[in-house]
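Here the structure comes first, spelled out in structure tokens, and everything after it is commentary.
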Protein chains: 2
Amino acid sequence: MSHTHVRGTGQENWLLAMLPDDAYARVLALCETIPMATKTIVIEPDVLIEYAHFPITGCLSVVALMKDRGRVEVGTVGWEGMSGLSFLHGVETTRTQCITQVAGTMRRITRQDMMTELGSHGELVGLLNLYADVWISQIGQGVACNGVHSIDKRLARWLLITHDRVIGDVLPLTHEFLAVMLAVRRASVTVAATALQNRRIIDYTHGKITVLDREQLEKATCECYEMQRASYEKLLPVTPD
Amino acid sequence: MSHTHVRGTGQENWLLAMLPDDAYARVLALCETIPMATKTIVIEPDVLIEYAHFPITGCLSVVALMKDRGRVEVGTVGWEGMSGLSFLHGVETTRTQCITQVAGTMRRITRQDMMTELGSHGELVGLLNLYADVWISQIGQGVACNGVHSIDKRLARWLLITHDRVIGDVLPLTHEFLAVMLAVRRASVTVAATALQNRRIIDYTHGKITVLDREQLEKATCECYEMQRASYEKLLPVTPD
DNA sequence: GCAAATCAGTACGGTAGCGTACAAAATCGC
DNA sequence: GCGATTTTGTACGCTACCGTACTGATTTGC
């Protein structure tokens, strides 16, 4: 494991794992644990949010839908976070879509159970507050990065972020999908990815990108990855392993 | 007033104005009301936040500082909002800078008074929760917009956002400053601004941009302005005037 | 095992925006 | 009012990325 690598255990979502025992038991009893297939839409824009999702493996993507049918990723949610953060703020719809990016196992809780839990006990509220702060930092850095950095660097950042959120070194992602996430042409992704492959930093076959040399990948990206990672570590100290 | 135009009264910050009388009196007693000069830095990255600021007139800008000394605006705070939103989440530092963009009058409250207020009473917490949700929507749309829209459109959006936050139609902004905010060259701003001026949509002399035809300006921008405005209006219903 | 579908490689002209530079115009300090 | 400073106008070659399109490679479905 690289020194800067933050990885989930694949056993439990971080927010849930950090709950004290009694709160954990209480919240877990409200959750359903389900497999989530790629491209499942878990939140539609401006539609009452049905569930909050806590990924254990796999990850979700928060996506802004543009009028011209364009789509741009705003942020990524993995084992460290939750979809439906609006619930924390007492809001039950959002203007962005949330879609499964990498299939995995997730716990989900209904809107009503979530609102009841948040209204009656403070443990989860405290953790979600920390997560909200991190989320704001993340997407703030995303605004800046999308404004000024090249596709090469943004691709590397995106691979690192996803690598942090899956188990293993294989990311089930097509160039087409990456293009949507980075808001660039599919062809641009192919060019950037080919460059990384030629440098033996990644390898890929159809729909599967393998991270070969994470250290070099970190060197190939912009500062934004490090910023984003640091904002997690400030607030979400990783349990020793 | 244009049909889509949301403007402050210049008398009070919206978050404070929406407080019930007793809470308003209590919070106001904790605030200091001060003039704020352009370019005053109110929050430094990773430094303990001293105050939360509630603009009454003028506005603040949240800016990401890049390692190469580049700067990119993440979002804008005016009469509808507050700097130091982290306090809501129990966090006392942030990774972005907050700087005065347009001089004005603001109320400020110390970290300790703010934390005490948030911990002991719920009225302000409720409003800040709504504002946090709006803020997240705003910067999410900013991620998308910076990713895909042209400088022309982004400039128009930025002028509209600022116009919504100042009293009158004169925005005291130089091209140089706008360039930082949009993360583009100063020369690019001049070209885009000149085009708007030729169309009689704006006028400017050194450091002062005047909005002449707001309706056309709205037509010249991308959907992102409308999205951002809508997210305010959903949560912050404007008092009738 | 073969057809259909998906995914990846590559190319080419077009253009938005960059870095840089320099000069003109407006404003400020005194 | 005059020099110094700030702000704006404009130009030029350059690069990254776009839109589009076509081909080839791999996987999937049956």
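Only this structure's heavy atoms are used, side chains among them; waters, hydrogens and symmetry mates stay out. Keep in mind it's a predicted model, so treat the numbers as computed, not measured. In what follows, chains are A, B, ... by sequence order, proteins preceding strands, each numbered from 1.
To the nearest angstrom, C1' of D/dC18 lies 18 Å from NE2 of A/His175. Going from atom CZ of B/Phe177 over to atom C1' of D/dT8 covers 17 Å, rounded to whole Å. The interatomic distance linking B/Asn198 (CG) with D/dG9 (P) rounds to 9 Å, in whole Å. Rounded to whole Å, the distance from CD on B/Glu176 to C1' on C/dT27 is 16 Å. In this structure, B/Leu178 atom CG and D/dG9 atom C1' are separated by 16 Å, rounded to whole Å. Atom P of nucleotide C/dA8 and atom CG of A/Asp203 are separated by 12 Å, given to the nearest angstrom. Atom NE2 of A/His149 and atom C1' of D/dC17 are 16 Å apart (whole Å). Rounded to whole angstrom, the span from the CG atom of A/Leu155 across to the C1' atom of D/dC17 amounts to 14 Å.
Checking the phosphate oxygens (OP1, OP2) of D/dG9, a side-chain nitrogen or oxygen of B/Thr194 falls inside 4.0 Å. Side-chain nitrogen and oxygen atoms of A/Ser188 include at least one within less than 4.0 Å of the OP1 or OP2 phosphate oxygen of D/dC18. Of the side-chain N and O atoms in A/Arg185, none sit less than 4.0 angstrom from OP1 or OP2 of D/dG19. The phosphate of C/dA25 has neither OP1 nor OP2 within less than 4.0 Å of any side-chain N or O from B/Tyr204.
A donor and an acceptor atom, one from each side chain of B/Gln101 and B/Arg165, are nowhere located under 3.5 Å apart.
Taking the charged nitrogens against the carboxylate oxygens, B/Arg95 and A/Asp133 have no contact shorter than 4.0 Å, which rules out a salt bridge.
Of all the heavy atoms in A/Ser83 and A/Val42, the pair that sits closest is OG-CG2, 4.3 Å.
Residues B/Trp158 and B/Leu173 are in side-chain contact: their nearest non-hydrogen atoms beyond the backbone lie under 4.5 Å apart.
Contacts of A/Thr174 with the nucleic acid, taken as non-hydrogen atoms under 4.0 Å apart, involve only primed sugar atoms and P, OP1 or OP2. Residue B/Ala193 is classed as having no contact, given no heavy-atom separation below 4.0 Å to the nucleic acid. Heavy atoms of B/Val184 sit under 4.0 angstrom from primed sugar atoms or phosphate atoms, though from no base atom.
Checked against D/dT20, D/dG9, D/dC22, the side chain of B/Arg186 finds its nearest nucleotide in D/dG9. Relative to the side chain of A/Ile151, the nucleotides C/dT27, C/dA11, D/dC18 differ in distance, and D/dC18 lies closest. Distances from the side chain of B/His206 to the nucleotides C/dC7, C/dT10, C/dA26 place C/dA26 closest.
Between B/Asn146 atom CG and B/Arg157 atom CZ the span is 6.5 Å, to the nearest 0.5 Å.
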